[in-house]
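One structure is given here, and the rest of the page talks about it.
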Protein chains: 2
Amino acid sequence: MVMTRALDLLGGRLKLRHLVLVTAIADHGSVLRAAEHLRLAQPAATRGLREVEQILGVELFTRGPRGVTPTVFGTAFVDHARAVQAELRRAGDRITGLANGETGTVTVGTLLAATNVLLPRSIAALKAERPGITVIVREGTFDSLVPRLIDGDTDLVLGRLNPIDDRHGLRQIPLYDEPILLVARSGHPASTTSTLAGLLGYPWILPLEQTSLRQELEQVFKAQDLPLPEDRVECTSILTIRSLLLQTDMVAALPALLVRSDPQLVCLPVPLASVKRSVGVTLPGSRALTPAAKVMLDHLRTQSTTLEP
Amino acid sequence: MVMTRALDLLGGRLKLRHLVLVTAIADHGSVLRAAEHLRLAQPAATRGLREVEQILGVELFTRGPRGVTPTVFGTAFVDHARAVQAELRRAGDRITGLANGETGTVTVGTLLAATNVLLPRSIAALKAERPGITVIVREGTFDSLVPRLIDGDTDLVLGRLNPIDDRHGLRQIPLYDEPILLVARSGHPASTTSTLAGLLGYPWILPLEQTSLRQELEQVFKAQDLPLPEDRVECTSILTIRSLLLQTDMVAALPALLVRSDPQLVCLPVPLASVKRSVGVTLPGSRALTPAAKVMLDHLRTQSTTLEP
DNA sequence: GCGTCATATATCGGGATTGTCATAGCTCAG
DNA sequence: CTGAGCTATGACAATCCCGATATATGACGC
């Protein structure tokens with residue numbers, strides 16, 4: 001028996017039209033009807049079929065006076081042809097879905113600040129409108145998230161706006177203002193202390209040195225000629241911070257919205273006016289946002305307006 | 001947000017080349033390398049990529065000075081492109097497999113005669129050589145199998161060759177000769193009876209009227225001016241026949257190979273010279289045999305030569 | 001037989017497709 | 001700031017692709 005070499009249908013002259021044609025012929029059981037259905041003259045259809053058959057080296061349909069009937073090869077090939085077409089349809093759907101932002105993934109890097117209220121609300125709103133979008137949240141410091149932003153792993157970073165590191169050409173969009181407050185557990189002995197100096201005797205929880213909040217806090221101390229508290233913990237984990245606050249007499253600087261929603265914490269009447277309050281998103285300057293990221297940004301914007309009071 | 005209409009990639013000018021190109025670019029991370037790999041100049045590759053992007057309406061790769069990197073759309077689309085190509089490869093394999101007879105299905109209709117020895121041996125030989133071929137066996141009478149042969153449900157019919165019903169343009173190929181013998185259980189009171197007339201007093205099992213063997217048997221009786229036995233059962237089920245033979249004093253006409261392999265049956269010394277002995281295959285005249293059927297036919301041929309005694 | 005229905009073949013012209021070469025533009029590294 | 005390494009673009013030629021029209025061929029039913 002003559003063994004034929006395995007076929008390569010990709011390099012050759014097989015066209016997608018051929019697949020469409022062949023399935024149409026199979027569906028209608030007739031070259032003529034298939035031709036009508038595809039809006040072309042019968043000779044074109046016949047020739048197309050012969051082309052495929054020549055490419056494959058086998059007869060796909062046996063011609064009869066009452067139409068055509070598929071051969072073994074015909075039925076087999078039509079199966080695959082249908083599969084290919086289905087795959088292409090899926091590809092089309094996928095692309096339009098992604099382009100319309102109905103589908104896709106958005107990865108949000110988040111700093112401590114906005115994590116509490118704005119982000120959950122925005123995610124909820126986004127999922128309500130576009131259930132097809134997958135949201136990935138990545139917690140971290142600004143410095144650790146910026147590289148992710150650059151290499152495309154993360155679409156946008158949400159949090160207190162840091163001084164822009166212009167080397168990477170990042171863009172920043174302010175969303176709302178949220179004061180930073182000094183807080184302690186309710187019942188803390190310094191609950192009514194209204195000067196920074198009066199708090200120096202307590203242990204403090206400060207943000208890591210890399211963060212901009214830390215830098216600004218240091219400025220506050222410096223402006224009043226005070227040293228940094230000696231007894232201090234450096235920490236950004238909100239769960240750890242909260243536990244420490246509740247179980248000890250520590251003092252910390254936290255975003256207002258974090259404090260407001262926690263009855264076990266109180267804020268101390270020490271003004272921190274010089275600390276910047278702007279919370280917003282940081283975006284990669286170069287790359288275009290994916291549609292899904294755009295949608296997320298929209299929701300961050302609208303949700304942030306509801307926070308303003 | 002602007003909603004794009006769902007894409008139809010089948011009607012448009014998307015070509016399989018585009019899919020190959022896009023995956024090549026994704027694989028090499030560079031239009032230039034992809035071009036080399038596909039043996040064409042870089043401008044051609046660049047233009048091809050732009051074509052796909054225009055067809056899809058999105059950017060698939062972001063161009064960098066160090067090559068290109070896929071966008072969300074790029075990675076998504078490449079996935080589908082790969083799937084399509086895999087499907088086409090499978091299609092090619094399937095077709096060549098079928099064409100080479102490595103794969104596929106052969107449906108054999110079988111009459112009583114050859115079912116016993118030739119068919120099992122042939123199937124065994126075929127499966128040993130081509131494990132990929134599926135064999136379907138359909139038992140029945142010649143008349144019930146011919147329509148299957150015509151409509152393509154059955155590839156070939158194996159059995160005693162009937163007078164060809166030429167309306168359907170069937171072809172017949174004789175394979176070997178196998179006498180028909182009159183048989184009864186061993187120990188039957190007529191074990192040594194050597195004339196047909198001497199057996200008329202016993203009950204008989206005869207084939208159905210539709211079968212050619214029945215016609216020929218009737219000729220045998222007629223030639224000797226004998227009536228058909230009055231006490232008779234008409235049956236083609238070999239299991240039933242055998243049980244009847246063993247449990248009663250019935251007499252039956254069976255192919256030699258069926259008797260030879262069954263020690264509980266004996267053949268009666270009554271010559272049935274005029275009964276045709278040829279066993280073979282009947283094929284549809286019009287349709288071409290599938291490769292799998294051809295292979296089966298080859299094995300039937302070679303196996304039948306080993307039976308000739 | 002003859003009309004009908006279906007497929008096969010021949011020929012032809014417009015136009016899209018697919019390449020090439022040459023060259024321009026851009027970005028990063030040294 | 002210059003060269004290396006990519007991609008983008010423009011111009012142009014050959015081809016092949018694809019459609020239509022006209023006609024032939026073959027099977028079936030009446």
Side-chain angles (χ1 to χ4, degrees), chain A residues 9-22 24-55 59-71 74 150-151 167-169 284-287, chain B residues 9-22 24-55 59-71 74 150-151 166-169 284-288:
Chain A
L9 302 180
L10 290 169
R13 22 187 198 132
L14 186 73
K15 304 273 157 44
L16 290 174
R17 328 175 19 261
H18 289 136
L19 304 185
V20 177
L21 175 64
V22 166
I25 294 178
D27 286 340
H28 292 93
S30 145
V31 175
L32 188 59
R33 305 251 185 88
E36 290 169 3
H37 184 249
L38 299 178
R39 316 199 163 198
L40 40 90
Q42 165 261 323
T46 292
R47 184 169 59 191
L49 175 55
R50 300 191 84 81
E51 284 167 5
V52 186
E53 290 180 328
Q54 197 205 333
I55 291 169
E59 188 181 58
L60 294 181
F61 295 88
T62 63
R63 278 68 160 177
R66 222 60 196 166
V68 296
T69 57
T71 65
I150 305 294
D151 67 24
R167 290 176 307 196
H168 305 118
S286 52
R287 188 159 26 83
Chain B
L9 302 180
L10 290 168
R13 24 190 199 132
L14 186 73
K15 304 274 157 45
L16 289 174
R17 327 176 20 262
H18 289 137
L19 303 185
V20 177
L21 174 63
V22 166
I25 294 178
D27 286 340
H28 293 93
S30 144
V31 175
L32 188 59
R33 305 256 182 84
E36 290 168 2
H37 184 249
L38 298 178
R39 321 208 160 191
L40 36 92
Q42 166 261 323
T46 292
R47 184 166 57 186
L49 174 56
R50 301 192 85 80
E51 285 167 3
V52 187
E53 291 180 327
Q54 197 206 331
I55 291 169
E59 188 181 58
L60 294 181
F61 296 88
T62 64
R63 278 67 160 180
R66 221 60 195 167
V68 296
T69 57
T71 65
I150 305 294
D151 67 24
D166 205 29
R167 289 175 307 196
H168 305 119
S286 52
R287 188 160 25 85

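Here is how names work: the chains are called A, B, and so on, in the same order as the sequence lines, proteins then strands, and each is numbered from 1. All values derive from a computational prediction rather than experimental measurement.
- Going from atom CD of A:Gln54 over to atom P of C:dT9 covers 12 Å, rounded to whole Å.
- Separating the CZ atom of B:Arg50 from the P atom of D:dC6 is a distance of 19 Å, rounded to the nearest angstrom.
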Identify all pairs in which a protein N or O lies below 3.5 Å from an N or O of nucleotides 15-25 of chain C, and state each distance.
| unit_1 | atom_1 | unit_2 | atom_2 | d |
| --- | --- | --- | --- | --- |
| C:dT18 | OP1 | B:Arg17 | NH1 | 3.3 |
| C:dT18 | OP2 | B:Arg17 | NH1 | 3.3 |
| C:dG19 | OP2 | B:Arg17 | NH2 | 2.8 |
| C:dG19 | N7 | B:Arg47 | NH2 | 2.4 |
| C:dG19 | O6 | B:Arg47 | NH1 | 3.4 |
| C:dG19 | O6 | B:Arg47 | NH2 | 3.3 |
| C:dT20 | OP2 | B:Ala41 | N | 2.9 |

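- B:Glu53 places a side-chain N or O within 3.5 Å of a backbone atom of B:Leu60 that can act as its donor or acceptor partner.
- Residue B:Leu60 contributes atom CG, which lies 15 Å from atom P of D:dT7 at whole-angstrom precision.
- If one axis is set at each end of the helix from C:dG1-D:dC30 to C:dG30-D:dC1 from five pairs, those axes are 30° apart, to 10°.
- By the 4.5 Å heavy-atom criterion applied to side chains, B:Arg63 and B:Leu49 are counted as neighbours.
- Among all heavy-atom pairs drawn from B:Leu14 and B:Leu9, the shortest one is CB-O, 3.8 Å.
- Distance CZ/A:Phe61 to OG1/A:Thr69: 8.5 Å, rounded to 0.5 Å.
- Residues A:Ala45 and A:Val31 come closest through the heavy atom pair CB-CG1, 3.7 Å.
- Legend: residues meeting side chain to side chain contact (heavy atoms under 4.5 Å, CB included) with A:Arg66, ordered by chain and number and at least two apart, are absent.
- Taking side-chain N and O atoms only, B:Ser30 has a distance below 4.0 Å to OP1 or OP2 of D:dT7.
- Residue A:Ile55 contributes atom CD1, which lies 9 Å from atom P of D:dC17 at whole-angstrom precision.
- Counting heavy-atom neighbours within 6.0 Å of B:His28 NE2, excluding the residue itself, gives a total above 12.
- Remark: P of C:dC5 and CZ of A:Arg63 are 21 Å apart, rounded to the nearest angstrom.
- Separating the OG atom in B:Ser30 from the NE2 atom in B:His37 is a distance of 12.5 Å, to the nearest 0.5 Å.
- At whole-Å resolution of the value, CD in A:Glu36 and C1' in D:dG19 are 16 Å apart.
- Counting to the nearest Å, the P atom of D:dC18 and the CG atom of A:Leu21 are 11 Å from each other.
- The side chain of B:Thr46 places no N or O atom within less than 4.0 Å of a non-bridging phosphate oxygen (OP1 or OP2) of D:dT7.
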Interface polar pairs with nucleotides 24-30 of chain D, N/O, under 3.5 angstrom:
none

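- Closest approach of B:Ile55 and B:Arg13 over heavy atoms only: CG1-NH2, 3.7 Å.
- Atom CG of A:Leu14 is separated from atom P of D:dC17 by 11 Å (rounded to the nearest Å).
- Every residue was checked against the salt bridge (charged side-chain N to carboxylate O under 4.0 Å, His left out) condition with B:Arg50, not counting sequence neighbours, and none meets it.
- Listed by chain and residue number, B:His18, B:Arg47 satisfy the side chain to side chain contact (heavy atoms under 4.5 Å, CB included) test with B:Glu51 (two or more places apart in sequence, or in another chain).
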